[in-house]
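Accompanying notes for the structure given below.
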Amino acid sequence: MRLLLLIVLLNGLLVPAMAQRQCGSDAYREKNSTADHQHLSVESSKASKADVVGLDYSSPDTTTIVIPVVVHVVYYNEQGNISNEQILSQIAALNRDFNKENKDINKIPTHFSPFAASAGIRFVLANIDPNGAPTTGITRKQTGTRYFRDDDKVKFSSTGGVDAWDPSSYLNIWVCDLDYNLMGYASFPGGPLSRDGVVIDYTVFGTTSNIKAPYNLGRTATHEIGHWLGLKHIWGDTYCGDDGIDDTPQQQKPSRGCPSGNIHSCGETSHGDMYMNFMDFTDDACMYMFTHGQRTAMRALFHKGGARSAMIASKGASGESVPLPAPIDGVELHDAQPSFFVGLYPNPATDKLTIESRSLVAGQFAQIYNHLGQMVMTVPLNKAQETVNISSLKSGVYYVRLANSGKQNMEKFVKM
């Protein structure tokens with residue numbers, strides 16, 4: 001009986017903790033700060049603060065900043081191998097939130113409504129990879145690591161993750177199974193390039209699939225990318241702290257759940273806490289806005305000399321969009337006519353597959369898809385017969401087609 005009561009009490013204590021937003025960015029920044037990193041971060045924040053103070057918010061800085069995104073899906077089991085649809089739903093959510101296009105923008109209290117701003121930032125899945133090859137902007141890797149933590153192991157192939165694409169040209173987002181109820185964490189501007197990017201738990205990424213309330217609107221990624229763009233938590237990560245933004249009121253600590261009404265946690269601020277800000281800890285359904293000051297701070301990073309200014313010249317989104325195929329109907333493909341422009345052998349294959357292009361065009365690439373229609377590999381074709389290492393692929397049925405060929409035929413092979 002005592003054991004039963006203990007179990008009930010423990011469950012009662014644990015469930016609320018699991019239901020709360022857990023962002024590891026501030027702890028991650030503290031843990032990983034070196035002297036150089038601290039210097040760069042401080043200088044970046046000073047530049048942003050200087051731009052924010054006294055800024056005319058009617059400034060004609062209206063150019064949309066386009067950020068090429070690569071999503072690295074690092075999964076232990078198929079549950080974590082999230083669908084293309086789920087990834088696209090997250091990109092759509094980011095573009096709504098960062099451009100004041102979210103439908104719940106009208107829920108902002110009247111007194112805070114004039115503060116709400118569009119950041120003028122758009123996120124697109126990369127269509128050119130660092131080698132100049134066409135890409136869907138999605139990579140997938142099955143890992144032997146059951147859970148990842150905020151130790152950056154997911155960011156390196158040597159520790160079960162995936163190496164970052166050039167962070168000066170891409171926003172790297174790693175989607176994996178995070179441990180300890182951690183929902184996500186982000187690097188701040190000025191840190192080591194090999195670790196630059198955002199890590200999100202797959203159960204709170206996007207708005208479709210098995211995503212459940214209260215974190216079902218993709219706002220964990222909105223929050224973490226806010227950190228990647230230099231924003232602090234709205235309470236400044238200290239008691240009644242300062243986040244460095246002029247038009248966000250002081251706040252004692254993170255908000256939880258879905259607050260309402262005027263809450264004055266740090267004295268008599270004009271209208272109380274801005275708990276509906278994306279940089280607070282409220283539930284997804286109760287955060288709706290960035291401010292003009294936050295907009296300015298984020299955009300300052302892309303000005304000449306800013307920590308993310310190199311991304312303006314990125315070629316990652318300069319190509320033609322590579323279609324994300326829907327799940328493949330196996331029967332339909334089995335009945336398809338053999339492709340006249342590609343040959344595959346041996347078939348079945350084990351570790352090596354030779355791709356023969358019978359109508360090779362300079363700069364052509366072959367794309368390999370799994371049975372779900374997910375592109376798992378891109379192969380540059382430099383000669384008529386190109387041999388590729390497929391040892392990393394799981395056993396199963398795969399399909400090959402030539403990129404930018406205008407052909408929709410696919411050739412099938414079996415990986416043993």
When the ring centroid of [X] is compared with that of [Y], is the distance short of 6.0 Å?
X	Y	value
Tyr369	Tyr399	no
Tyr202	Tyr75	no
His223	Phe281	yes
Phe115	His292	no

Indicate the atoms forming the closest heavy-atom contact of [X] with [Y], along with that distance.
X	Y	value
Pro68	Ser314	CG-OG, 3.4 Å
Trp165	Ala126	CZ3-CB, 4.4 Å
Thr110	Pro114	O-CD, 3.4 Å
Asn172	Pro167	ND2-CA, 4.1 Å
Met298	Ala119	CE-CB, 3.8 Å
Asn99	Gly120	OD1-CA, 3.5 Å

For this session: For side-chain contact (heavy atoms from CB on, under 4.5 Å), just list the numbers for Phe278 and Ile234, CA-CA rounded to whole Å, side-chain angles, deciding distance to a tenth of an Å, and then say yes or no.
Result: CA-CA 9 Å; Phe278 287 126; Ile234 198 167; over 6 Å; no

Between the side chain of [X] and the main-chain N/O of [Y], is any donor-acceptor distance below 3.5 Å?
X	Y	value
Thr135	Asp129	no
Asp284	Asn216	yes
Asp243	Lys232	no
Arg401	Gln367	no
Ser209	Ile211	no
Tyr185	Asp152	yes
Lys141	Gly161	yes
Glu386	Ile355	no
Trp174	Val162	yes
Asn389	Ser391	yes

Indicate yes or no: at least one non-hydrogen side-chain atom of [X] is less than 4.5 angstrom from one of [Y].
X	Y	result
Asn81	Gln142	no
Met279	Met287	no
Tyr170	Val69	no
Ile263	Tyr275	yes
Glu224	Cys23	yes
Asp151	Thr159	no
Gln86	Val175	no
Gln90	Ile200	no

Nearest 0.5 Å please: distance from the [atom1] atom of [X] over to the [atom2] atom of [Y].
X	Y	atom1	atom2	value
Tyr147	Leu182	OH	CG	13.5 Å
Thr220	Ile225	OG1	CD1	11.0 Å
Leu301	Phe188	CG	CZ	11.0 Å
Asp97	Met289	CG	CE	12.5 Å
Arg195	Phe156	CZ	CZ	4.5 Å
Ile245	Arg295	CD1	CZ	13.0 Å

Exercise. Could you give all pairs that pass the salt bridge (Lys or Arg N to Asp or Glu O under 4.0 Å) test and reach residues 301-316, with sequence neighbours left out?
Worked result: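 Sorted pair list: Asp196-Arg308.
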
For residues 101-109, which side-chain donor-acceptor pairs fall under 3.5 Å, sequence neighbours excluded?
{"residue": "Glu101", "atom": "OE1", "partner": "Arg122", "partner atom": "NH2", "Å": "3.1"}
{"residue": "Glu101", "atom": "OE2", "partner": "Arg122", "partner atom": "NH2", "Å": "2.4"}
{"residue": "Asn102", "atom": "ND2", "partner": "Asp104", "partner atom": "OD1", "Å": "2.7"}
{"residue": "Asn102", "atom": "ND2", "partner": "Tyr288", "partner atom": "O", "Å": "3.0"}
{"residue": "Asp104", "atom": "OD1", "partner": "Arg219", "partner atom": "NH2", "Å": "3.0"}
{"residue": "Asp104", "atom": "OD2", "partner": "Arg219", "partner atom": "NH1", "Å": "2.7"}
{"residue": "Asp104", "atom": "OD2", "partner": "Arg219", "partner atom": "NH2", "Å": "3.2"}

Problem set entry | Residues in side-chain contact (heavy atoms from CB on, under 4.5 Å) contact with Ser392, at least two apart in sequence or another chain |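 Residues passing side-chain contact (heavy atoms from CB on, under 4.5 Å) with Ser392: Met377.
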
For this session: Given side-chain contact (heavy atoms from CB on, under 4.5 Å), test Leu353 with Tyr398 step by step and report yes or no.
Result: CA-CA 11 Å; Leu353 176 72; Tyr398 293 86; over 6 Å; no

Exercise. Do you know which of Asp177, Asp201, Asp179 makes salt bridge (charged side-chain N to carboxylate O under 4.0 Å, His left out) with Arg149?
Worked result: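 When salt bridge (charged side-chain N to carboxylate O under 4.0 Å, His left out) is applied between Arg149 and each of Asp177, Asp201, Asp179, only Asp179 qualifies.
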
Exercise. Could you walk me through whether His233 and His227 pass the side-chain contact (heavy atoms from CB on, under 4.5 Å) check?
Worked result: CA-CA 8 Å; His233 291 133; His227 287 313; 3.0 Å; yes

Problem set entry | Side-chain donor-acceptor pair present, Asn210, Gln79, cut-off under 3.5 Å |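 No, Gln79 and Asn210 have no side-chain donor paired with an acceptor closer than 3.5 Å.
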
Exercise. Counting heavy atoms not belonging to Phe413, are there more than 12 under 6.0 Å from its CZ?
Worked result: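 More than 12 within 6.0 Å, yes.
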
For this session: Can you label the angle between the Phe290 ring and the Phe98 ring as parallel, tilted or perpendicular, going by 30° and 60°?
Result: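 Answer is tilted, since the angle falls between 30° and 60°.
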
Problem set entry | Residue pair Ile173, Val70: steps toward the side-chain contact (heavy atoms from CB on, under 4.5 Å) verdict | CA-CA 6 Å; Ile173 301 178; Val70 54; over 6 Å; no

